[in-house]
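Worksheet: the structure to be examined is printed underneath.
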Amino acid sequence: MQLGSFIYQYQPNRVVFGVGAIHKLADEIEKLGCTKALILCTPEQVGQAKQVQDILKDRAVAIFDQAVMHVPIQTANAASDLAKELGADCAVAIGGGSTIGLGKAIALKHSLPIIAIPTTYAGSEMTPIYGITENGIKKTGKDMRVLPKTVIYDPSLSLSLPLEISLTSGMNAIAHAAEGLYAQDGNPIMTLLAEEGIRALAQGMIKLKEDDQDEQARSQCLYGAWLCGTVLGNVGMALHHKLCHTLGGSFNLPHAPTHTIILPHAIAYNEVARPEVTKIITRALGVSNVSAGQALFDLEVKLGLETKLQSLEFTQEDIQKAADIAMQNPYWNPRPFDKDNITQIITDAYHGTRPE
Ligand code: NAD
């Protein structure tokens with residue numbers, strides 16, 4: 001084993017994991033010294049928010065059920081105002097990255113502690129990264145105040161997540177870990193978490209494909225999502241995340257399916273410069289004699305996932321536009337690239353060809 005120099009910063013949050021863990025919520029809120037919780041959810045998850053309200057009884061002040069994708073500033077302000085008006089001393093976000101993102105926006109404004117109950121595999125609960133959209137532009141930043149103080153992972157809450165969304169959400173999580181393997185500020189602890197996260201999610205997703213009500217498979221996926229989200233929260237991302245940000249922001253493509261389609265191609269491009277990535281990803285996926293890009297592509301085919309960008313609302317003419325936008329702000333990547341390289345990656349993703 002070869003070790004270089006690195007910095008590792010421990011992030012102070014508490015994790016409560018297990019089927020039925022949601023029933024420990026009242027105790028967890030008490031441990032934080034809080035008594036008045038504002039519950040956050042999307043309109044689709046009001047049922048689960050009510051379950052939280054039943055558990056908290058008079059410790060719940062209200063449900064705010066207007067969380068939506070990309071945290072519009074108007075929604076963030078409405079939720080923050082309500083929290084202030086009701087004298088809430090904490091917020092409980094039950095849902096995916098959009099709802100947890102709303103909690104983070106409140107934490108940023110009022111420094112309220114957030115308790116996150118993730119029901120997808122996006123991993124936002126493990127990061128100090130926030131995003132708020134104003135006038136169509138999503139501004140992102142990092143602030144330790146937005147890192148949830150407590151995270152309750154209850155796999156039974158993800159049983160209702162439709163299979164296809166579960167699988168693309170899982171690939172989105174794997175993307176955090178895969179890019180963490182070659183991060184500029186990476187460290188051996190995050191590499192360990194990344195490998196285990198990829199392994200747990202891949203094994204869990206293959207079982208979910210057979211039976212999406214398999215609680216053990218759901219547990220494995222949520223455990224993997226936790227590890228992959230931790231990697232995202234601790235080290236910087238590169239080409240893959242930047243490309244997905246461009247495609248999501250400028251072409252309005254859906255978050256998790258876009259990550260799914262781009263991932264094999266971005267990793268295939270970068271693993272050439274970092275051969276250890278090939279070893280770790282193929283070991284995590286339990287395959288040999290293939291590249292990491294091929295292994296990820298094969299996993300997606302096995303899971304029956306969409307692999308072509310042209311199946312999303314993305315046209316052949318968009319390829320050049322996307323490459324131009326992606327080249328506008330230079331960013332660090334383990335392998336240098338130019339516009340031709342980016343165009344090739346997006347073209348391969350457009351056609352959904354297996355990486356060479
Ligand atoms: P999401 O939160 O938008 O959820 C998608 C849909 O699935 C919503 O309608 C939601 O209500 C529904 N849903 C969620 N869990 C469910 C369940 N168990 N049963 C039934 N329906 C359920 O999607 P996401 O992929 O979790 O999050 C994507 C957003 O999170 C993006 O905006 C992304 O930028 C952000 N994100 C942020 C970070 C970060 O660190 N800040 C990390 C990852 C993702």
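One-based numbering, in listed order, for ligands and for the atoms of each.
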key: Sorted by chain and number, the residues that approach ligand 1 to under 4.0 Å with a heavy atom   =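 Heavy-atom contacts below 4.0 Å: Thr42, Glu44, Gln45, Met69, His70, Gly96, Gly97, Ser98, Lys104, Thr119, Thr120, Ala122, Ser124, Thr127, Ile129, Lys138, Leu157, Ser158, Ser160, Leu161, Leu232, His255.
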
request  = Could you check Asp348, Ile342, Ile346, Asn341 and say which one makes a side chain to side chain contact (heavy atoms under 4.5 Å, CB included) with Gln344?
outcome  =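 When side chain to side chain contact (heavy atoms under 4.5 Å, CB included) is applied between Gln344 and each of Asp348, Ile342, Ile346, Asn341, only Asp348 qualifies.
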
inquiry  = Can you give me the closest heavy-atom contact between Ala37 and Asp89, atom names plus distance?
reply    =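 Closest heavy-atom pair between Ala37 and Asp89: N-OD1, 4.4 Å.
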
Can you confirm whether or not the ring centre of [X] sits under 6.0 Å from the ring centre of [Y]?
X      : Y      : result
His255 : His259 : yes
His240 : His265 : no
Tyr331 : Phe337 : yes

ask   = If you count the non-hydrogen atoms of other residues, nucleotides and ligands that lie under 6.0 Å from CD in Glu164, is the total more than 12?
value =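 Counting neighbours around CD of Glu164, 12 or fewer heavy atoms of other residues, nucleotides or ligands fall under 6.0 Å, so no.
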
